[in-house]
Amino acid sequence: MRTTIGFVFAALLAAVPASAHHAFAVEFDAKNCSDITGVLTKVDYQNPHAYIYVDAKENGQTVQKTFQLSSTSNLKRGGATLPVMNASVGKEVLVRGCASRNGEDNRYAASFIKLADGTVQRLGQDVEGVFGTKVWR
Amino acid sequence: MKRFLGLMLVATLALPAAAAAQDPAAPGGAEKKVFVEARGNVTPVPLPPGGPAPRMADGKVDLSGVWFSGPTGKANAWSVVPDEPLKQDPVPFRPEAAAKLKSMTRAELELNNPGVACQPVGTPGMWTINPYPHQIITKPGLYVHLIESDNAWSVVHTDGRPHKPADELEPLYNGDQTAKWEGDTLVIDTISLDERTWIQGNGWFHSDQAHVIERLRRPSKNYLEYQFTVEDPKVLTKPWTSAWRTYSLGNEDLTENFCTNNENADQLRKLTEVEKSK
């Protein structure tokens, strides 16, 4: 089914905060989010989006999970500096991720991470509304 | 802590009626949704007006400062309070422009977003598509606008000089710009815009006839306001003027933000194929 943009477009025309690079909810499924635990293997800080990679165990196999984060500007201002993130590389973390809608497995938008030291750190848009803000940003 | 987080998540996810839970007026709405507390979340606290706006040597308002969208003087991207929708008229698209927009899926629309392709956001995109703070430097006769999005800038004379002659104009992302003061409002006039830019981050494309008039004012020391008008007879049935948008004075420096490698474009192409196949 070809989803037209009528409703969403009207809503965006009315709202458009000067905040969003673009809407994560287009790419990622707010109804398919989960907690993923694994070893943080790499932090790749770039723009417009940073990425982290986590090796998770699934049925005894190691599966690499890719998480899209916000921008370095938002991450740094929110406290998720590269040194803060790198401190958990090689350690177990928990990431809240919403799956890609394009059928590509193991690719998610991350909303937050529980770092190795237990800190819960915001990483991206509120795709599923867990922080109290609307899904569409 | 792990258990705490788990409980938070369970509490959050166990409440599927999120919309009702967020609406205190919802029927039987005593249910209170529990949200995840994370470092980086922002609870907005508006700045006070801060006194009168400073003025330059020529008596004009000095717009200089690092300005954040919203009233907090800080990055608001991860606010835990939803944005208030702007109160403004619908954009009067010509029927063929509206039809073109409606024919596109969300993924196709995003794929055409200049920001997704790491393209310059241009005018008025430096305000409307840029989610990061703005540094403005004004001097008598000059306006300098610096943004983090791809480290873009624009420099405009504010002496009311005319645009370049028609035979010297070329399409530019920021366009051919001139500005003048109308009282305490700086009015920036832009023509000759490159058609690859958007007016807003919602698919609003424009033609080579687009004429953008931006207005900036500083009602008090801590606040900046921005409004823009678009005339574009090939896309709009009549000119459209935005609501005034509020920005507030921060005390942070801009940070480097070059757009170098957006994987979204490939991801969105795949999504487009998935959507078309259904």
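Remember, predicted model here, so these are calculated numbers, not experimental data. Note on naming: letters A, B, ... go to the chains in the order of the sequence lines (proteins, then strands), and numbering restarts at 1 for each one.
With chain A as partner, the option from Glu148(B), Lys270(B), Gln267(B) having the largest number of non-hydrogen pairs under 4.5 angstrom is Gln267(B). For the set Leu75(A), Leu123(A), Asn102(A), Thr72(A), the entry with the most heavy-atom pairs within less than 4.5 Å of chain B is Asn102(A). Considering only heavy-atom pairs separated by less than 4.5 Å from chain A, the leading option among Asn257(B), Thr255(B), Val274(B) is Asn257(B).
For Glu273(B), no part lies under 4.5 angstrom from a heavy atom of chain A. If you measure heavy-atom distances from Gln121(A) to chain B, the contacts under 4.5 Å come from both the backbone and the side chain. Contacts of Ile113(A) with chain B are absent, with no heavy-atom separation under 4.5 Å from either backbone or side chain. Interface residue Ser100(A): only side-chain heavy atoms are found under 4.5 Å from chain B.
With hydrogens and angles disregarded, a donor-acceptor distance shorter than 3.5 Å links the side chain of His206(B) to the backbone of Thr197(B).
Side-chain contact annotation: Lys114(A) with Thr119(A), donor-acceptor N/O pair under 3.5 Å absent. Side chains of Asn47(A) and Ser71(A): a donor-acceptor N/O pair is absent below 3.5 angstrom, by distance only.
The ring-ring contact (aromatic ring centres under 6.0 Å, His included) search around Tyr108(A) returns Phe67(A), not counting sequence neighbours.
Of the residues listed (Trp127(B), Tyr223(B), Phe68(B)), the one engaging Tyr247(B) in a ring pair (Phe, Tyr, Trp, His ring centres under 6.0 Å) is Trp127(B), and it is the only one.
Ring pair Trp240(B)/Trp204(B) is perpendicular by interplanar angle, where above 60° counts as perpendicular and below 30° as parallel.
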